[in-house]
Amino acid sequence: MPDRTDILVVGSGGREHALAWKLRQSPRCGRLLCAPGNAGIEGVADCVPVDAGDVAGLVALVERENVGLVVVGPEVPLAAGLVDELESRGRRAFGPRRDGALLEGSKAFAKELMREAGVPTADFAIVSRADEAHARIDAVGAPIVVKADGLAAGKGVYVCATAEEAHAAVDEIMGRRIFGEAGGRVVLEALLPGEEASFLALADGETVVPLASSQDHKRIGDGDTGPNTGGMGAYSPAPVVTPELEREVVETVLRPVVRTLRARGIDFRGVLYAGLMIDRGRPSVLEFNVRFGDPECQPLMMRMKSDLVDVLDAVIDGRLATTPIEWDPRAAACVVVAAPGYPGPIEKGAPIEGLDEAARDADAVVFHAGTARDASGRVVTAGGRVLGVTALGETIPGAVARAYATASRIRFPGMQMRRDIGHRAGAGRGSGA
Ligand code: AMP
Ligand code: GLY
């Protein structure tokens, strides 16, 4: 029997449910805790009511419970230096330190690093004064993309078709400071044409190993219409990521980034997630994230055959080069079920029916995101993205059909889901239920 480690997962979304579900299957996992978790994570971990942004509270929890490994889901605690705090107390944690998390936490930092590393990305300017931003928009015209520098919960990017929209975006970000400090600087960049893809890899400071390919669906509406969301579904593998593209992304994007970070004294260990635009087969980087994508993580965890604890240990200890990661050859797809109003203001507290029936298919898992228990113990909606119904199948269309069949058993008032998850990979059209 291998030594068991007590593990804490930090976060409360579908990504963290998928990570906890996968960790629970490891013979090396002892007690599994999650802070703060949700009504689904409760089924696999002991949930502790400490917020994912509460670094001091999390450190105290780790010390109190003598946790051996902390797996950080979201970007906010990474950017706040949770991993640094844990390591300074001799604790093991998966995720980059504060300096590496800047790759996601500051778009200006990421763009400058890409320029230094020679990574393909849209032409850009970084400005720290609103009048400069307005002048630049007048000079270069539209279309143009305006981005708040700092973390803005995925909402800080404005793709502007006209100069008026771009000026208005600068007013919101820098004038009204709707994202607070994140709007101290903006990145103005050229609009790139093409098809978007997510590219997730693990880095151990030196070696970069791609995860299985995946793609998410950012827009709320079928046919990729309407406002951007955190992601309404995802699938793996992603046919857009051919073996040649994978090689090119590793060689021209990920390795140069890790090397350039190292030259700056930044030892990047964790998930390196490049948001790409693919135009005529060539990738450019839209952004970096320093954590698993949500919902991309859900299909990835269903396909990962290796022990996740072994994989995370290899990242932390710099042993990725000698640690093969095995994947289920089947496809997986995740359909996100969202609350009415999402991605705008949402209603919470609606009881969710059908979760027991939805649990019957052994090849499908209903990962919880925004769920909670009410006073009488019922599972109710508690966030914008409520569930991520994820299934395996022989093909992407097969996995998608199974995810929709499972999702059709679930009901709550006003529930929204896209009906065309996987359409770019040849799947789509749900059960219609
Ligand atoms: P980001 O958070 O930087 O990935 O931006 C959010 C979304 O805005 C992306 O998923 C793209 O759909 C879009 N976007 C960002 N930058 C660009 C760009 N330079 N050209 C075209 N679309 C972009
Ligand atoms: N699914 C996109 C993200 O996690 O940022």
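Whatever order the structure lists them in is the order used to number ligands and atoms, beginning at 1. Throughout, numbering of the chain's residues begins at 1 and tracks the sequence.
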Where's the contact between [X] and ligand 2, heavy-atom distance under 4.0 Å: side chain, backbone, both or neither?
| X | value |
| --- | --- |
| Tyr273 | side chain |
| Glu296 | side chain |
| Arg291 | side chain |

Closest protein heavy atom (residue, atom, distance) for [atom]:
| atom | result |
| --- | --- |
| atom 7 (C) of ligand 1 | Asn228 ND2, 3.9 Å |
| atom 8 (O) of ligand 1 | Val157 CG1, 3.5 Å |
| atom 9 (C) of ligand 1 | Glu196 OE1, 3.5 Å |
| atom 1 (N) of ligand 2 | Asp216 OD2, 2.7 Å |
| atom 2 (O) of ligand 1 | Glu287 OE1, 3.0 Å |
| atom 19 (N) of ligand 1 | Glu189 OE2, 2.7 Å |
| atom 22 (N) of ligand 1 | Met277 CE, 3.9 Å |

### Query
Picking from Asp310, Val311, Val309, what satisfies side chain to side chain contact (heavy atoms under 4.5 Å, CB included) with Ser26?
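It is Val309; the other options fail the test.
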### Contact check, Gly231 vs ligand 2, heavy-atom distance below 4.0 Å
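Heavy atoms of Gly231 never come under 4.0 Å of ligand 2.
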### Query
Got a salt bridge between Arg373 and Glu42, using NZ or NE/NH1/NH2 to carboxylate O under 4.0 Å?
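Salt bridge between Arg373 and Glu42, a charged N being under 4.0 Å from a carboxylate O: yes.
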### Query
Does an N or O anywhere in Gly230 fall below 3.5 Å from an N or O of ligand 2?
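By distance alone, the answer is yes.
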### Query
So Trp21 and Phe367, would you call those rings parallel, tilted or perpendicular, with 30° and 60° as cut-offs?
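Aromatic pair Trp21/Phe367 classed perpendicular.
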